[in-house]
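Side chains are part of it too, since the values below use all heavy atoms of this structure and drop only hydrogens, waters and symmetry mates. Just so it is clear: chains get the letters A, B, ... in the order the sequence lines come, proteins before strands, and each one is counted from 1.
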2 protein chains.
Amino acid sequence: MNNDEAHGAKRDEQLAPRVDGILSSAVRRGELLAADCPSREVLRHLTSRWGVLVLIALEDGPMRFSDLRRKVSGVSEKMLSQTLQALEADGFLDRHSRPVVPPHVDYNLTPLGHEAAERVRLFADWIEDNIGRILRAREARTPEDKGHPTAGADRLQPAE
Amino acid sequence: MNNDEAHGAKRDEQLAPRVDGILSSAVRRGELLAADCPSREVLRHLTSRWGVLVLIALEDGPMRFSDLRRKVSGVSEKMLSQTLQALEADGFLDRHSRPVVPPHVDYNLTPLGHEAAERVRLFADWIEDNIGRILRAREARTPEDKGHPTAGADRLQPAE
DNA sequence: TTCAAAACTAACCTTTTTGTATGTACTTAC
DNA sequence: GTAAGTACATACAAAAAGGTTAGTTTTGAA
């Protein structure tokens, strides 16, 4: 038997993900673009400055705090522990602390975190693969001053 | 020789994207995790709070400023124009202003922007599809106070 | 004996981001 | 005649993010 129906609470959250097929795109799109969509908060956490890099770093396997700190170059201890706690609270990774001294703590992705990390890395890989194009496109625009909003609007005409 | 060498400057950026195959994963991974990697800045722009939503909104086609403002619910005029300018400067979207009054300005994704938006949407879709799991995973952790770093370390043993 | 390493926390400060409110120039709708 | 809409800029204020330093506790290495 399926005890899925058993807990009963929060039907709303469970309803939306079930919608798949033709309508799903429009419905889901509408959700994220809505100000009160809970996905927005999750999106913020996962796309946070250090969150992205931690997820990517942990894809290679479990890692200790200080190893992560060295791997994710540039992160401070404070931001790393803050980021790890946020991701842990969201259920994207697990923390395993061994009661030894000096402390030994391992972090590893949960199945959920692994799925998220995969997607994040796909996006990150695209950026790295295309960083040349991107930088060139940027340079093609910054050198020349692009027309100001009012600059081209010297001669105004009524909207047709 | 090929005229690729002609401009001389920034060989480095062009070199990396050319690396593909077995080594690419390790190399690229290493780049983003390096503090001075230019991809990090691009990543910040694309994963900025409103940048993600603007890219997704523009995937359906060109849109005017005020239409975007209504579609991306919750964004202020200031942040929207700031976000649009940043994405435009990076070459992810184009701005087309018609010299009429009241002003009429259209924004649309460039080919580059389209590729980026696709990846971003894939990730966003995953979040929306799994928001139920995510929220449940979070709730499973927050109610109970998870062990403090020192809490479980009452009896300390030398690291083995 | 002093230092470094481990994995943090807490306090303090700076920087960045975001929001709010206002103004602009002109037109259309009420 | 007044309000609303258009696409912003600008100034100021609040909030969030980030950095730096110091401190904890114990071990092992120099």
*asked:* Looking at every non-hydrogen atom in both residues, tell me the closest pair between N108(B) and H96(B) and how far apart they are.
replied: OD1-CD2, 3.2 Å

*Which pair of non-hydrogen atoms, one from R95(B) and one from S97(B), has the smallest distance, and what is that distance?*
NH2-CB, 3.6 Å

_On the side chain of K78(A), is there an atom forming a donor-acceptor pair with the base of dT9(C) - under 3.5 Å, no angle test?_
no

*asked:* Assess, by modelled atom type and distance only, whether the side chains of H104(A) and D106(A) contain a donor and an acceptor separated by less than 3.5 Å.
replied: yes

Rounded to the Å, how far apart are [X] [atom1] and [N] [atom2]?
X	N	atom1	atom2	value
H96(B)	dT6(D)	NE2	P	20 Å
M79(B)	dA14(D)	CE	C1'	14 Å
R49(B)	dA16(D)	CZ	P	10 Å
D106(B)	dC8(D)	CG	C1'	15 Å
Q82(B)	dT10(D)	CD	P	12 Å
L80(B)	dT17(C)	CG	P	17 Å
E41(B)	dT16(C)	CD	P	12 Å
H104(A)	dC8(C)	NE2	P	11 Å

Give the nucleotide from the list [options] with an atom nearest to the side chain of [X].
X	options	answer
W50(A)	dT6(D), dG19(C), dG18(D)	dG18(D)
E77(A)	dT18(C), dA7(D), dT9(C)	dT9(C)
Y107(A)	dC8(C), dA9(D), dA17(D)	dC8(C)
S81(A)	dT27(C), dC8(C), dA9(D)	dC8(C)

_Comparing V105(A) and R44(A) on DNA chain C - which has the more 5′ nearest nucleotide_ = V105(A)

[N] phosphate, OP1 or OP2: any side-chain N/O from [X] under 4.0 angstrom?
X	N	answer
S97(B)	dA7(D)	no
Q85(B)	dA9(D)	yes
S76(B)	dT18(C)	no

*In residues 62-70 of chain B, which ones come under 4.0 Å of DNA chain C, going by heavy atoms?*
none

Rounded distance (nearest 0.5 Å) linking atom [atom1] of [X] with atom [atom2] of [Y]:
X	Y	atom1	atom2	value
R44(A)	S48(B)	CZ	OG	8.0 Å
R136(B)	L112(A)	CZ	CG	10.5 Å
H114(A)	L58(A)	NE2	CG	9.0 Å

*Can you list the residues that meet the salt bridge (Lys or Arg N to Asp or Glu O under 4.0 Å) rule with R69(A), with sequence neighbours excluded?*
E77(A)

